[in-house]
Each structure stands twice: as structure tokens, then as C-alpha cells.
Amino acid sequence: MDSPSLGLSRSFSEIVRFNFSSAKELNPYGIKVFMFFLIQFILRILISISLHYSPEKLNLNRLTLFDATIALFLFIYSFWYFLPIWKFM
């Protein structure tokens, strides 16, 4: 049984080159994991811009809760097949 992370870095390389079919062949979970990091990066930029330009209009507790909830659900969705990693050790 192969590890679910086998070929993940090569899959990322293919995604960056917009070769999605090859990326999926190298690792079927690579696109989900890559999208997790891309979405997190975009969210960090948007939150930073929002905090910079209008910090007084934002409810920081709500923003933190929103950010943590989105990150948790994205993480579970993207890394679901990696969670039982102890089976491969």
C-alpha cells in the first residue's frame, strides 16, 4: 500500500505548469491540497487588506471565527485521505 503523499511534490510541479491531467495521475489528491494552500494564501491577503484599510469596521471576533471555520473545513476536505497517516508508519 502506497502512502497518500506519494508523488505530491511532482503533482504540485505539474499544477504550477497548468498540466492538471498529469498532476492527477501523479497524485489524485494533489489538486485538492494545492487548492487548500492557494485559497489560504488568498484569504490571508484579503484579510490583511481588510485589516489595513478598515480595521474599525471589522469585528475581529467574527473575522477570527470565520477564518478558523473556513480553514478547518478546507483542511478536512483537502487532507481527508492524509489524516489516518499512522497506518503507513
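Only a predicted model underlies this, so the values are computations on that prediction, with no experimental measurement involved.
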Rounding to 0.5 Å, atoms CZ (Phe37) and CD1 (Ile42) come to a distance of 14.0 Å
Exercise. Around Phe20, counting heavy atoms of other residues, nucleotides and ligands shown, do more than 12 lie under 6.0 Å from its CZ?
Worked result: yes
Between Tyr53 and Ile45, is there a shared hydrophobic cluster once you connect ILVMFWY residues whose side-chain heavy atoms come closer than 4.5 Å? yes
ILVMFWY cluster, Leu43 and Phe79 together (side-chain gap under 4.5 Å): yes
Open item on the list: With side chain to side chain contact (heavy atoms under 4.5 Å, CB included) as the criterion, how do Ile47 and Leu51 come out once you've worked through the C-alpha distance, each side chain's angles and the decisive distance to 0.1 Å?
Closed with: CA-CA 6 Å; Ile47 288 172; Leu51 287 172; 3.9 Å; yes
- request: Report whether Leu46 and Phe41 are members of the same hydrophobic cluster (ILVMFWY, side-chain heavy atoms less than 4.5 Å apart, transitive linking).
  value: no
Minimal heavy-atom distance between Leu6 and Asn27, with the atoms involved, is O-ND2, 3.0 Å
### Query
Any idea how Tyr29 and Tyr81 line up, ring-wise: parallel (<30°), tilted (30 to 60°), or perpendicular (>60°)?
parallel
Contacts of Tyr77 meeting side-chain contact (heavy atoms from CB on, under 4.5 Å) (sequence neighbours excluded), chain-then-number -> Lys32
Kindly determine whether Leu8 and Phe82 satisfy side chain to side chain contact (heavy atoms under 4.5 Å, CB included), including the steps that lead there.
CA-CA 11 Å; Leu8 191 60; Phe82 296 90; 4.3 Å; yes
Separation between CD (Glu25) and CD (Glu14), nearest 0.5 Å, reads 9.5 Å
Taken in chain and number order and not counting sequence neighbours, the residues that satisfy side-chain hydrogen bond (donor to acceptor under 3.5 Å, both in side chains) with Arg44 are Gln40, Asp67
Next item on the list: Could you tell me whether the side chain of Ser11 and the main chain of Gly7 form a donor-acceptor pair under 3.5 Å?
Entry: no
With a 4.5 Å cut-off on side-chain heavy-atom distances among I, L, V, M, F, W and Y, is there a chain of contacts connecting Phe73 to Leu65?
no
| said: For a 4.5 angstrom cut-off between non-hydrogen side-chain atoms, does Ile70 reach Leu74? | reply: yes
query: Taking a hydrophobic cluster as the set of Ile, Leu, Val, Met, Phe, Trp and Tyr residues connected by side-chain heavy atoms closer than 4.5 Å, whether directly or through intermediates, do Met35 and Val16 fall within one such cluster?
result: yes
